[in-house]
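One structure is given below, encoded as structure tokens.
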Amino acid sequence: MAKDKAATILLVEDEENLQEALKLNLEMEGYEVSSAFDGPSALKSLQNEYFDLVILDIMLPEIDGITVLETLRLQHSALPVLILSAKNSSADKVLGLKKGADDYLTKPFNLEELLLRVQKLIEKNKQLQDKETIGINYSFGNNNIDFKALEATNYKGDKIELSKKEAMLLKLLIENKNEVVTREKILQAVWGYNVYPTTRTIDNFILSFRKYFEEDSRNPRYFHSVRGMGYKFTD
Ligand code: CA
């Protein structure tokens with residue numbers, strides 16, 4: 001987790017004045033804001049960049065907010081979403097929550113309230129992402145990793161030099177032992193903000209880990225790919 005970096009927000013709102021006012025206020029609070037004015041560009045941004053939060057208007061050109069929400073939930077199950085629903089449309093609000101929004105505001109809303117909710121959602125998400133950290137050394141099977149020295153000794157007694165990114169990915173997977181770590185989370189934690197290597201890059205790292213640490217790399221015991229979801233370490 002890059003705690004020192006500004007949290008990033010995707011702001012999906014087609015009313016230009018509101019978009020501009022919200023962007024300005026969020027930036028004043030220290031957030032990094034990307035703007036989308038319609039459904040398709042929102043989805044495109046979500047596919048290409050990492051965000052800590054999405055503020056999503058319901059009434060949008062081309063693809064409405066509810067559909068955007070449904071689509072983004074397929075890939076980003078934990079991404080906090082705050083929906084903005086039009087005045088007198090409690091149906092939108094209910095539907096939005098049913099489809100997986102984390103919070104909502106009805107227009108016109110109080111700006112202070114929006115900023116507070118944004119802050120709360122982002123903090124909650126960071127707490128969920130912060131896992132118990134492991135020490136400098138970690139052993140599984142007859143493998144041992146020294147995260148500080150960027151070295152490992154495997155079950156055969158071979159010494160392996162790890163790249164910084166390899167060590168970071170190992171640490172992330174091990175800290176989330178027995179849980180699927182999503183591709184977005186890996187990219188965020190290991191490659192940093194908004195720099196997107198291809199899925200292939202992560203796959204290659206996993207293949208290396210199997211080569212280093214698995215006795216039978218074709219039937220991995222420790223490093224698993226979970227199709228369409230991410231990667232998992234089991235011990
Ligand atoms: Ca709108």
Side-chain angles (χ1 to χ4, degrees), residues 1-3 5 8 43-52 54 69-80 100 125-235:
M1 277 289 303
K3 276 208 186 94
K5 290 194 184 165
T8 53
L43 289 173
K44 199 172 161 215
S45 295
L46 283 161
Q47 226 163 35
N48 295 317
E49 289 169 60
Y50 171 84
F51 296 102
D52 292 292
V54 180
L69 178 58
E70 281 182 300
T71 311
L72 82 85
R73 274 288 173 259
L74 298 175
Q75 288 196 340
H76 308 268
S77 56
L79 174 58
N125 191 45
K126 294 211 164 179
Q127 277 166 11
L128 286 177
Q129 288 183 3
D130 283 344
K131 287 276 174 172
E132 204 182 312
T133 49
I134 51 171
I136 289 167
N137 283 282
Y138 185 82
S139 296
F140 58 102
N142 287 315
N143 301 296
N144 183 274
I145 300 169
D146 182 334
F147 288 105
K148 203 172 172 200
L150 297 178
E151 258 176 22
T153 313
N154 72 4
Y155 63 97
K156 288 187 284 191
D158 294 341
K159 194 157 252 186
I160 297 148
E161 278 183 34
L162 300 169
S163 71
K164 185 126 187 270
K165 285 207 175 350
E166 283 180 326
M168 282 167 81
L169 181 53
L170 280 170
K171 198 157 191 279
L172 181 68
L173 292 171
I174 292 168
E175 281 177 352
N176 292 280
K177 191 159 95 169
N178 300 322
E179 282 173 37
V180 176
V181 183
T182 62
R183 184 173 169 260
E184 305 97 71
K185 191 167 173 181
I186 292 174
L187 293 171
Q188 180 204 2
V190 180
W191 275 269
Y193 273 65
N194 301 338
V195 183
Y196 264 36
T198 63
T199 314
R200 192 93 201 110
T201 312
I202 306 177
D203 282 338
N204 285 336
F205 274 67
I206 300 294
L207 289 178
S208 300
F209 295 163
R210 287 182 186 151
K211 221 164 66 189
Y212 301 156
F213 305 119
E214 301 274 6
E215 288 186 40
D216 180 359
S217 61
R218 279 159 195 250
N219 294 298
R221 194 180 142 187
Y222 305 111
F223 296 95
H224 310 274
S225 305
V226 184
R227 192 174 261 279
M229 289 184 70
Y231 305 87
K232 185 168 77 171
F233 172 80
T234 57
D235 182 359

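Only a predicted model underlies this, so the values are computations on that prediction, with no experimental measurement involved. Below, each value reflects all heavy atoms present in this structure, side chains not excepted, and no hydrogens, waters or symmetry copies.
Of all the heavy atoms in L43 and L72, the pair that sits closest is CD2-N, 4.4 Å. Closest heavy-atom contact between L150 and A167: CD2-CB, 3.4 Å. In plain terms, the two heavy atoms of S45 and F51 that are nearest each other are O-CE1, 3.6 Å. Residues K232 and V226 share a closest heavy-atom pair of CB-CG2, 4.2 Å. For I206 against S225, the heavy-atom pair with the smallest separation is CG2-OG, 4.3 Å. When all heavy atoms are compared, the tightest approach of N125 to D52 is ND2-O, 4.1 Å.
Annotation for N142: atom CG does not count as buried by contact number, only 12 or fewer foreign heavy atoms lying within 6.0 Å. Heavy atoms from other residues, nucleotides or ligands lying under 6.0 Å from NZ of K44 number 12 at most. Heavy atoms from other residues, nucleotides or ligands lying under 6.0 Å from CZ of R221 number 12 at most.
Side-chain atoms of D158 and Y212 form no donor-acceptor pair, as typed in the model, at a separation below 3.5 Å.
A donor-acceptor pair under 3.5 Å is absent between the side-chain atoms of N154 and the main chain of N143, judged by distance alone.
Residue N204 holds its CG atom at 10.5 Å from CD of E166, rounded to the nearest 0.5 Å. Rounding to the nearest 0.5 angstrom, the gap separating the OG1 atom in T234 from the CG atom in L173 is 10.5 Å. A distance of 11.5 Å separates CZ of R210 from CZ of R218, quoted to the nearest 0.5 Å. For the atom pair CG of L187 and OG1 of T201, the computed distance is 8.5 Å after rounding to the nearest 0.5 Å.
When ring centroids are compared, Y222 and F213 stay outside the 6.0 Å threshold. The six-membered or imidazole ring of F233 lies away from that of F209, with a centre-to-centre distance of 6.0 Å or more.
Counting heavy atoms from C-beta outward, L69 and V54 have side chains that stay 4.5 Å or more apart. Counting heavy atoms from C-beta on, the side chains of N176 and K185 come closer than 4.5 Å. Side-chain contact check for I202 versus R183: some heavy-atom pair is nearer than 4.5 Å. Inter-residue side-chain proximity for L170 and F223 is flagged as met; some heavy-atom pair is nearer than 4.5 Å. Using a 4.5 Å heavy-atom cutoff, the side chains of Y138 and K177 are in contact. Between I174 and I145 there is a side-chain heavy-atom pair separated by less than 4.5 Å.
With sequence neighbours excluded, the residues satisfying salt bridge (Lys or Arg N to Asp or Glu O under 4.0 Å) with K159 are E151.
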For this session: Dump the intermediate steps for side chain to side chain contact (heavy atoms under 4.5 Å, CB included) on L46 and L79, then the final yes or no.
Result: CA-CA 10 Å; L46 283 161; L79 174 58; 3.8 Å; yes
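Among D235, T153, N144, the single residue meeting the side-chain hydrogen bond (donor to acceptor under 3.5 Å, both in side chains) criterion with S139 is N144.
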